[in-house]
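Notes follow once the structure below has been shown.
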Amino acid sequence: MSLTPKGLLAWLVLSGLFWYFGEWLVKGLFPLFEAVIMTMTSEISPSLKLVKSAQSQLDYSIELSAWALRPVYLNAGQYIPPGTELKSSAHLLHALVPLVIEMSILLVWPVQRWPQRLLLLALGLLTAVLVVMATLPAQLLSMLEISFQDVALTGKNPRPVPWFVDWMVFCEMGGRWLLGIAAAWLCIQLQRGLLRG
């Protein structure tokens with residue numbers, strides 16, 4: 001079987017697995033995501049939870065509930081008062097797309113021995129977590145920030161747009177896919193280097 005059919009089969013199998021088990025995987029990473037969010041902004045205290053879709057019991061969104069720790073500046077005449085609860089959400093399966101891409105590549109990448117495949121997959125799991133940490137917190141924060149900007153632009157001296165909004169736009173324009181591919185390439189190079197040494 002050539003690489004393309006194998007890749008499509010791996011994509012389908014992994015998509016199904018993440019659809020059923022993604023909930024437990026992401027829940028285990030919530031403390032890491034919250035820590036990343038707190039390093040990206042000091043204005044809020046974050047809390048994450050999974051919310052079931054009304055249409056399907058297996059369809060989830062990741063919801064960020066954030067409390068303003070201090071007045072959040074919007075523009076010269078408007079602030080969000082401390083203690084205000086702010087919310088944003090992201091679709092669970094959308095957040096897991098880079099993992100499916102990366103692991104699909106690593107499952108079909110040609111190797112000569114099983115230890116090589118096992119090392120590839122172990123490296124893949126580690127880098128997949130890093131990719132999701134680099135994308136999901138920025139997406140959740142950016143959804144909040146976009147709502148801030150809508151209000152901020154109605155007055156003088158609106159708050160500056162933070163860097164993570166541009167990063168989220170890059171990810172949403174295909175960067176998420178590129179990160180999954182780049183992570184797979186990195187794992188392949190690391191695996192070759194480690195087994196060569």
Side-chain angles (χ1 to χ4, degrees), residues 18 22-102 125-180 182-183:
F18 281 124
E23 166 193 356
W24 291 281
L25 172 66
V26 169
K27 269 187 181 176
L29 296 173
F30 275 179
L32 284 175
F33 295 150
E34 289 170 1
V36 171
I37 289 170
M38 286 188 285
T39 61
M40 292 169 72
T41 179
S42 60
E43 295 180 319
I44 60 169
S45 173
S47 175
L48 295 170
K49 68 178 179 179
L50 282 175
V51 179
K52 283 185 182 178
S53 166
Q55 287 79 30
S56 169
Q57 291 298 304
L58 293 173
D59 194 16
Y60 288 89
S61 288
I62 303 160
E63 184 179 272
L64 168 65
S65 294
W67 289 266
L69 296 175
R70 59 180 66 87
V72 178
Y73 177 87
L74 297 177
N75 58 43
Q78 292 176 294
Y79 292 79
I80 296 173
T84 303
E85 185 180 12
L86 309 162
K87 289 192 176 184
S88 69
S89 65
H91 195 268
L92 173 62
L93 293 180
H94 185 63
L96 296 178
V97 164
L99 279 72
V100 174
I101 292 170
E102 180 183 354
L125 289 173
L126 289 173
T127 55
V129 169
L130 294 176
V131 168
V132 177
M133 285 173 61
T135 54
L136 181 61
Q139 182 182 1
L140 290 168
L141 275 180
S142 294
M143 299 306 289
L144 283 182
E145 190 61 41
I146 288 167
S147 65
F148 293 170
Q149 289 298 323
D150 289 341
V151 177
L153 293 172
T154 63
K156 292 181 179 180
N157 299 320
R159 73 187 265 128
V161 179
W163 64 269
F164 51 77
V165 173
D166 291 332
W167 176 248
M168 183 271 291
V169 171
F170 165 75
C171 290
E172 292 300 304
M173 297 294 289
R176 195 184 300 266
W177 290 56
L178 287 175
L179 288 171

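By convention here, the first residue in the shown sequence is residue 1. Excluded from the calculations below are hydrogen atoms, water molecules and symmetry mates; all remaining heavy atoms, backbone and side chain alike, are included.
By the 4.5 Å heavy-atom criterion applied to side chains, Pro162 and Glu145 are counted as neighbours. Contact annotation: the side chain of Val132 never approaches that of Val26 to less than 4.5 Å [non-hydrogen atoms, C-beta and beyond]. The side-chain heavy atoms of Glu85 and Ser65, taken from C-beta on, include a pair separated by under 4.5 Å. Within the 4.5 Å cutoff, side-chain heavy atoms of Ile62 are placed close to those of Leu50.
Sequence neighbours left out, the pairs with a member in residues 90-99 that pass side chain to side chain donor-acceptor pair (under 3.5 Å) are Asp59-His91, His94-Glu172.
If you take CG on Leu179 and CD1 on Ile101, they are separated by 9.5 Å, rounding to the nearest 0.5 Å. The line from CD1 of Ile80 to CZ of Arg159 is 7.0 Å long, rounded to the nearest 0.5 Å. In this structure, OG1 in Thr84 is found 12.0 Å from CH2 in Trp67, a value given to the nearest 0.5 Å. Taken to the nearest 0.5 Å, the CD1 atom of Ile146 stands 11.0 Å off from the CG atom of Leu141. For the atom pair CG of Leu99 and CG of Leu93, the computed distance is 11.5 Å after rounding to the nearest 0.5 Å. Rounding to the nearest 0.5 Å gives a distance of 8.0 Å between OG of Ser47 and CG of Leu64.
Taking both residues in full, the closest heavy atoms of Glu102 and Gly180 are given as CB-O, 3.5 Å, listed atom of the first, atom of the second, then distance. Summarising the geometry of Glu63 relative to Lys87, their closest heavy-atom pair is OE2-NZ, 3.7 Å, with the distance given to 0.1 Å. Counting all heavy atoms, side chain and backbone alike, Pro46 lies closest to Ile44 at CD-O, 3.8 Å.
Every residue meeting the side-chain contact (heavy atoms from CB on, under 4.5 Å) condition with Ala76, not counting sequence neighbours, appears here in chain and number order: Tyr73, Lys156, Asn157. Taking the side-chain contact (heavy atoms from CB on, under 4.5 Å) definition, one finds that Pro82 meets it with Pro71, sequence neighbours left out. With sequence neighbours left out, the ring pair (Phe, Tyr, Trp, His ring centres under 6.0 Å) criterion links Phe170 to Trp167. Every residue meeting the side-chain contact (heavy atoms from CB on, under 4.5 Å) condition with Val161, not counting sequence neighbours, appears here in chain and number order: Gln149, Val165.
Met143 CE: 12 or fewer foreign heavy atoms inside a 6.0 Å radius. Counting non-hydrogen atoms of other residues, nucleotides and ligands closer than 6.0 Å to CH2 of Trp177 gives a total of 12 or fewer.
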With a 3.5 Å cut-off and sequence neighbours excluded, list the donor-acceptor pairs that the side chains of residues 27-41 form with protein atoms.
from	atom 1	to	atom 2	distance (Å)
Glu34	OE2	Leu48	N	3.0
Thr39	OG1	Val36	O	2.6
Thr41	OG1	Glu43	N	3.3

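Judged by distance alone, with hydrogens and angles left aside, the side-chain atoms of Asn75 form a donor-acceptor pair with the main-chain N or O of Ala152 at under 3.5 Å. The closest donor-acceptor contact from the side chain of Ser88 to the backbone of Ser142 lies at 3.5 Å or more, if one exists at all.
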